[in-house]
Student: 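The structure is given below, and queries will be raised subsequently.
What's counted below: heavy atoms across the whole structure, side chains too, no hydrogens, waters or symmetry copies. Reminder, nothing fancy here: chain letters follow the sequence lines and each chain counts from 1.
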2 protein chains.
Amino acid sequence: MRKPTEQSAERSVPTSADVARLAGVSRATVSYVLNNTAAVRISEPTRRRVREAAEELGYVPHAAARSLRAGHSRMVLLPTAHVPIGPLYSQFFNELQWSLRRLDYTVVQYGSLGLEADEAARAWAELRPVAVVSLGQVQLTPQGVEILKRSGAKAVITLGSQRVEGAHALVMDQGRVGRVAAEHLVEVGRRRIGVVVPEEPGLEMFAERRLEGARQAVAGTGATVVPLPLRYEEDSANELAGRWRALGLDAVFAYNDEYAMLLMRALQDAGISVPEETAVVGSDDLLLGRLLRPRLSTVQIDMVIGRHLAELVDSAVRDPESVPEARDLLASRVVRRESS
Amino acid sequence: MRKPTEQSAERSVPTSADVARLAGVSRATVSYVLNNTAAVRISEPTRRRVREAAEELGYVPHAAARSLRAGHSRMVLLPTAHVPIGPLYSQFFNELQWSLRRLDYTVVQYGSLGLEADEAARAWAELRPVAVVSLGQVQLTPQGVEILKRSGAKAVITLGSQRVEGAHALVMDQGRVGRVAAEHLVEVGRRRIGVVVPEEPGLEMFAERRLEGARQAVAGTGATVVPLPLRYEEDSANELAGRWRALGLDAVFAYNDEYAMLLMRALQDAGISVPEETAVVGSDDLLLGRLLRPRLSTVQIDMVIGRHLAELVDSAVRDPESVPEARDLLASRVVRRESS
DNA sequence: ACGTGTCAGTGACACGTGTCAGCACTGTGT
DNA sequence: ACACAGTGCTGACACGTGTCACTGACACGT
């Protein structure tokens, strides 16, 4: 009764030593049994005793101790700042998470709101993740990448259009979205095509690429592209619609279904007929776009990036030297409704 | 030149021992300096040498080792399954993250997609978080709570309308949203009020409470409430609109601006005039709702929960026995536009 | 009686960190 | 000359885990 092991220290969390004591075996045996270590043979009765003891104590291994001993973890860190919204992102994210779990990684999102670039990198490095996937919300510097790699990260991967020295990159071909939209508009006979460029921060890298894609699509067709800065507010849209005739456009690719809806309403309120006078095309195929009259034409995007990205992570972890510089084509097609 | 410490073991992660060696001091001193331990006095020149050595090696402390030694962490775990979308959630989430950081907690989101309840709890427990905030996407059982508490979690907090034995709860008064909506509709003279109940999984707990709130609001006024199951699809909305006249409703609170927009369009297509024949009220005050004609009336919700929740976490960690059973009123008001 | 082999399990170390007790010096008062 | 306090630093332990080298016990063939 002098040892405080049994019930007196009730509130301390059980360790594998406690399990070993209860099962009457050594700690090593406990480890072998609970991890199903193949190279060691333990008799079935002993296995049962260990498992029952673990169950009874409610033993849960200590991840930190485990990865400390192992010298590495299977943690993939996903820095998060302002959560982007929308079903597309949600789908991508779920797919990434799911695919990484299948590959036996643990996905951890780390809130990095309000941290400066290298400060953030240091915070991430403390967790010793095996890989870091940056969605471009926190700007990653080459120094940041160096910090992470030095801390043992096998792979640092940037997603999107940014490219950082030392990091792997999965380039999303956002340009493709602009390209198919502009191609469609040219095909239906439009000549002067506006391209909405959102002014909201954090969207630049998508917007710029889509604009660029549209430019490529019209090259050599005689059509032209005009960038149109727009904030996601009614006033901004009305202001733009007010000087629409002066711009002399007969079509607009509006970055997004949301921006498209906003702009289309403003155009109609300003007396501009859609699609006769101006065609409107959005992107993402939101259900809400189908509710407007005319129904909104849109670019439908297949989000298969999640699985690609997961595989990129895995191969980069296995062999950090291989730099596949993957590129995803963002398979996308125009769904023509009534607004174009 | 026989020690592989300097450049030959280049690729190994620097530890505090390496820093100590380079600075020519003991490891203890390094720890004291880098943590600014108040109770120990170290001369300024030594401090500088240590800091410079740490800088030169790119030393980053090992969070796992640290929390292993400390016996506790400042990690708040936020299980994530299907990411809910929408600006409201985004705002809440950023606020929570920000507030917890100010209280010196580290927020970690853990992807728990596809895990069963207690399996998930065990996975979380491995990380030994000091607190777990469950948003109700993964159903938490009393056993799950027990597992977490036994693993050292000081606070297990559920957010939303679920309540779990053993866990603290921050009850969001979702009923309030339904209440103000229904009150408004009664006030403008409506008598038979439909309340849309989304059939999508994961929304039940919100939907049920809002319905309940609407029921409370009409009690004693002579008005009645009719629940209307609806999927977020055009077909479902059209089907509902097709039998609208048979339902004999003169108003509907549609759970959401999105559902409201969907339903309103279907009603109009079915020849039912809004708001004359049927008034429509949504919730969340999406910008897009203002684009429809008539403009959508909506319930505007103040999301101040983030800070409340952070404070609840902190107080629960400080004194796990205190059970404040907090309740948030979801301060909300109707913004009347043209659809009601 | 002795080497050889298999089975079932154990003891001890290392991972990187924080902290406690203690040690060598130096000044300071008597 | 000695006690005493203060300063600046170090040695050693503990946290919980995985794994390697090793040990007793027993069976078998000669």
Student: With no hydrogens and no angle check, is any side-chain donor or acceptor of A:Arg74 less than 3.5 Å from a backbone partner on A:Asp104?
Tutor: yes
Student: Would you call the rings of B:Tyr89 and B:Phe93 parallel, tilted or perpendicular, taking 30° and 60° as the class edges?
Tutor: parallel
Student: Report yes or no: does B:His62 contribute a side-chain atom to a donor-acceptor pair with the main-chain N or O of B:Val60 at less than 3.5 Å?
Tutor: no
Student: Can you measure A:Leu34 atom CG to D:dT17 atom P for me and round it to whole angstrom units?
Tutor: 10 Å
Student: Look for any protein N or O under 3.5 Å of an N or O in nucleotides 6-12 of chain C and output each such pair with its distance, or none.
Tutor:
{"residue": "C:dG9", "atom": "OP1", "partner": "A:Thr46", "partner atom": "OG1", "Å": "2.4"}
{"residue": "C:dG9", "atom": "OP2", "partner": "A:Ser43", "partner atom": "N", "Å": "2.9"}
{"residue": "C:dG9", "atom": "OP2", "partner": "A:Ser43", "partner atom": "OG", "Å": "3.4"}
{"residue": "C:dG9", "atom": "OP2", "partner": "A:Thr46", "partner atom": "OG1", "Å": "3.4"}
{"residue": "C:dT10", "atom": "OP1", "partner": "A:Ser26", "partner atom": "N", "Å": "3.4"}
{"residue": "C:dT10", "atom": "OP2", "partner": "A:Ser26", "partner atom": "N", "Å": "2.8"}
{"residue": "C:dT10", "atom": "OP2", "partner": "A:Ser26", "partner atom": "OG", "Å": "2.8"}
{"residue": "C:dT10", "atom": "OP2", "partner": "A:Thr29", "partner atom": "OG1", "Å": "2.5"}

Student: Can you measure A:Arg21 atom CZ to D:dG16 atom P for me and round it to whole angstrom units?
Tutor: 11 Å
Student: According to a strict under-4.0 Å criterion, is A:Ser31 in side-chain N/O contact with OP1 or OP2 of D:dG18?
Tutor: yes
Student: Where the side chain of A:Arg66 meets the backbone of A:Ser73, is there a donor-acceptor pair that is under 3.5 Å apart?
Tutor: no
Student: Find the bend of the helix from C:dA1-D:dT30 to C:dT30-D:dA1 as the angle between its two terminal axes (five pairs each), to the nearest 10°.
Tutor: 70°
Student: Go along nucleotides 22-28 of chain D 5' to 3' and tag each nucleotide: B for a protein heavy atom under 4.0 Å from its base, S when only backbone or sugar atoms are that close, - otherwise.
Tutor: -------
Student: So, A:Lys149 side chain and A:Ala167 main chain: donor-acceptor pair closer than 3.5 Å or not?
Tutor: no
Student: In whole angstrom, give the distance that lies between atom OH of A:Tyr59 and atom C1' of D:dG16.
Tutor: 7 Å
Student: Between the side chains of A:Arg48 and A:Glu52, is the shortest nitrogen-to-carboxylate-oxygen separation below 4.0 Å, so that they form an ion pair?
Tutor: yes
Student: Side chain of B:Asn35, backbone of B:Ser31: donor and acceptor closer than 3.5 Å?
Tutor: yes
Student: Under the 3.5 angstrom rule, does the side chain of B:Thr37 hit a backbone N or O of B:Ala39 as a donor-acceptor pair?
Tutor: no
Student: Measure CZ/B:Arg128 against P/D:dG16 and give the value in whole Å, please.
Tutor: 9 Å
Student: When you measure from the side chain of A:Asn94 to the backbone of A:Gln91, do you find a donor-acceptor pair of N or O atoms at a distance under 3.5 Å?
Tutor: no
Student: CZ of B:Arg307: more than 12 outside heavy atoms within 6.0 angstrom?
Tutor: no
Student: Using atom CZ of B:Arg69 as one end and atom C1' of D:dT17 as the other, report the distance to the nearest whole Å.
Tutor: 17 Å
Student: Once you round it to whole Å, what is the distance between P of D:dG18 and CG of A:Asn35?
Tutor: 5 Å
Student: Quick one: B:Leu68 CG to D:dC15 C1', roughly how many Å, whole number?
Tutor: 4 Å
Student: Short question: side chain of B:Thr46, backbone of B:Ile42 - any donor-acceptor pair under 3.5 Å?
Tutor: no
Student: Between C1' on C:dT17 and CG on B:Asn36, what's the gap in Å once rounded to a whole number?
Tutor: 17 Å
